[in-house]
*Asks:* 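Supplied in structure tokens, the structure appears directly below.
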Amino acid sequence: MQRQSCDAIIIGAGLGGLLSAAQLLQRGKRVLILERLPHCGGRFTAKTFQGTQISTGAVHMLPFGSSGVLSHTLQRLHIPHRIFDADVFGSFHIRGKQIRSRGILGVLKVLGPREFFRLAYVGYFLFCTSLSATELAQPFDTWLAHTIDVQRNPKLVAFFASISRFTLSLELHQVTTGEVMRTVKHMFRFGAPGILEGGCGALTGELERRVLAQGAELRLRYDVQQLLHENGQITGVRVRNKASGEEELLLAPLVVSDIGPRATNALLNNQQVKQAEVLKQQSAERVSQHTQQPEAIGLKVHILSDVSLIPHKGILYCLDTQRIAGMVQPTNSDPRLAPAGKHLLISHQVIQSENIEEEKALALADLRTLFGENFERHCRVLTMSAYRGEWPVNRLAQGTDVEATTPLQGLYLVGDAVKPAGYLMVEGVAQSVNQFLDLLDAVEQGQAEGSLGAPRIRQTHNVISPPSRLNALRWLWEAPGNS
Ligand code: FAD
């Protein structure tokens, strides 16, 4: 078997893998990236279908927009990008109407005075008081039921549920009060969500060009089959070239895994995780109610419309639907994501049953409820895809993420199962890479405390801190954006 060595091996060319590669190249390391698919980007890229940018995962949106962690990280790396921040707090579909809310105060029109007062009351407890450790660990729906009369505030409960389903792909009982509190604080302090110019494919494409220009070796259609280690130290990987079937040993003292803890652990045991097996096991666990859903799962619909159905650059939250939690119309920010004169809409929902065909039928029924005649006359469904198993919305549900370190020296995890608390989606992926860099710097400078496999660091240089709390006040009247 052939052998080759380098300074660092990255497993997976998703956003987390590409960001890690770009950062390590900046530190002068020789980097080798291994990706099993024929393209980079993982769940953060797109394919052109009928002239439209159909994403492999994300809805082309960055949760904290141009002021967020990913945008700051890209600025540090001098990666050109442009983000169109939302111009509203959101719009809300309720009682058959879409109501636009420029800032938080606009939610008064959605909830009415009594339930809006309850929202302020909940906000006061979450942000202005210290909740006990027990309260922070409670599922959010349980805490809410202790704080307000949920029967008398159905719109407010639907408001929280639709935001949680769209942004976290979780029901309110699947997320803790502490994680809701931290996530919302970050959303308010960083800024409004934003759509990427060119969509997610443009960003990961730019990252790919950058890492190649800086000398990284990128091998597509290479499947990592095993992690190699000796005396507690990672030594490399065994890979299989999917085109030729040939196997090779690739050696490095540093391996960064962007494929999540389940698949990484399997590789440590010389096994591979298969999508069909994961789905079968999860289905059995759900039927026997054995475990909580470990990851966030969802269903996404791409729709092409002749007419505009969402009149802003932000999120439409759906409070009166059966499944669809929210939608965006990214062509309001970048019209080139769809053919000239057409509008791209993307809906997202949490998968609530084993029956994917039924979930799709409910999505279609919701689209008719939301847009009535306009949906029948002007819209065409391009794709409907379920995201679960090894290709989920989040590999671990928000707030249950794992540490970047592993029991092996030199093996680190990045990506959407390693998000620090309160950092959602790709903001969390970018922060996971920054967190890994802090650990690596500390180890390399000999400043790490504790064991080398699980070092503790004294100072963070790479992790991006949230801006001032006062930033949150900007949301009262209108969404803080750049447009
Ligand atoms: P991945 O993108 O999964 O990358 C991992 C890569 O590793 C993949 O390319 C995979 O092929 C490769 N790989 C796996 N195993 C191996 C192996 N053995 N050998 C070699 N390669 C391997 N985030 C947002 O910020 N905004 C959104 O609007 C948004 N919407 C979303 C909507 C949906 C429906 C989904 C599914 C996700 C959404 N997300 C969104 C989440 C976002 O897409 C992910 O957080 C992010 O793309 C994860 O990146 P990653 O690098 O951690 O993992």
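Quick note: residue numbers are just sequence positions, from 1. Worth saying up front: this structure is predicted, and the values here are computed from it rather than measured. Just so you know, ligand 1 is whichever comes first in the structure, and atom 1 is the first atom listed for that ligand. Because only heavy atoms are used, hydrogens play no part in the values below, and waters and symmetry mates are left out as well, while side chains stay in.
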*Asks:* Can you name the nearest heavy-atom pair linking A430 to V69, along with the distance?
*Replies:* CB-CG1, 4.0 Å

*Asks:* So which bit of P392 gets within less than 4.0 Å of ligand 1, heavy atoms only: side chain, backbone, both or neither?
*Replies:* backbone

*Asks:* Using heavy-atom distances, let me know which of L15, L18, V393, V301 sits nearest atom 44 (C) of ligand 1.
*Replies:* V393

*Asks:* Does only the side chain of V426 get under 4.0 Å from ligand 1, or the backbone, or both, or neither? Count heavy atoms.
*Replies:* both

*Asks:* Using a 4.0 Å heavy-atom cut-off, say whether R395 meets ligand 1 through its side chain, its backbone, both or neither.
*Replies:* side chain

*Asks:* Please determine whether any non-hydrogen atom of P63 lies less than 4.0 Å from an atom of ligand 1.
*Replies:* yes

*Asks:* Tell me which part of L34 gets within contact of ligand 1: side chain, backbone, both or neither, using heavy atoms under 4.0 Å.
*Replies:* backbone

*Asks:* Where does Y387 meet ligand 1, judged by heavy-atom distances below 4.0 Å: at the side chain, the backbone, both, or neither?
*Replies:* side chain

*Asks:* Side-chain contact, heavy-atom cut-off 4.5 Å: Q174 with L168?
*Replies:* no

*Asks:* Taking distance alone, with N or O pairs closer than 3.5 Å, would you say N394 contacts ligand 1?
*Replies:* no

*Asks:* Any N or O of A13 that comes nearer than 3.5 Å to an N or O of ligand 1?
*Replies:* no

*Asks:* Report, as yes or no, whether the 6.0 Å neighbourhood of atom CZ on R102 holds more than 12 heavy atoms from other residues, nucleotides or ligands.
*Replies:* no

*Asks:* What I want to know is whether G57 and ligand 1 share at least one N or O pair that is separated by under 3.5 angstrom.
*Replies:* no

*Asks:* Is it the case that ligand 1 has an N or O less than 3.5 angstrom from some N or O of H60?
*Replies:* no

*Asks:* In the protein, what heavy atom is nearest to atom 38 (C) of ligand 1, and what distance, to one decimal place, separates them?
*Replies:* A58 CA, 3.6 Å

*Asks:* What's the shortest heavy-atom distance between R262 and G389, and which atoms?
*Replies:* NH2-O, 3.4 Å

*Asks:* Run the salt bridge (charged side-chain N to carboxylate O under 4.0 Å, His left out) test on R165 and E171 for me, step by step, so that the C-alpha distance in whole Å, both residues' side-chain angles and the decisive distance to 0.1 Å come before the verdict.
*Replies:* CA-CA 6 Å; R165 288 174 182 149; E171 299 293 334; 2.9 Å; yes

*Asks:* Only one of D401, D416, D258 forms a salt bridge (Lys or Arg N to Asp or Glu O under 4.0 Å) with R395, so which one is it?
*Replies:* D416

*Asks:* Please work out which of I10, V59, D258 has its closest non-hydrogen atom nearest to atom 5 (C) of ligand 1.
*Replies:* D258

*Asks:* Identify the closest protein heavy atom to atom 6 (C) of ligand 1: which residue and atom is it, and at what distance?
*Replies:* E35 OE1, 3.6 Å

*Asks:* Should K360 and L299 be marked as a side chain to side chain contact (heavy atoms under 4.5 Å, CB included) after you check the CA-CA gap, both sets of side-chain angles, and the distance that decides it?
*Replies:* CA-CA 8 Å; K360 289 181 179 174; L299 188 129; 3.9 Å; yes

*Asks:* So which heavy atom on S432 is nearest to which on P420, and how close?
*Replies:* N-CD, 4.0 Å

*Asks:* H60 and S55: which non-hydrogen atoms are nearest, and at how many Å?
*Replies:* CE1-CB, 3.9 Å

*Asks:* Where do L170 and A296 come nearest, in terms of heavy atoms and distance?
*Replies:* CD2-CB, 4.1 Å

*Asks:* Mind checking whether I259 has an N or O less than 3.5 Å away from an N or O of ligand 1?
*Replies:* no

*Asks:* If you have a sec, work out which protein heavy atom is nearest atom 7 (O) of ligand 1 and how many Å separate them, to one decimal?
*Replies:* G12 CA, 3.2 Å

*Asks:* Kindly check if the number of other-residue, nucleotide or ligand heavy atoms within 6.0 Å of CZ (R336) is above 12?
*Replies:* no

*Asks:* So is V429 polar-close to ligand 1, meaning N/O to N/O under 3.5 Å?
*Replies:* no

*Asks:* Please indicate whether any nitrogen or oxygen in D416 is less than 3.5 Å from any nitrogen or oxygen in ligand 1.
*Replies:* yes

*Asks:* With nothing but distance in play, are any N or O atoms of R36 less than 3.5 Å from an N or O of ligand 1?
*Replies:* yes

*Asks:* Who's closest to atom 26 (N) of ligand 1 heavy-atom-wise, of M61, M425, R43?
*Replies:* M61

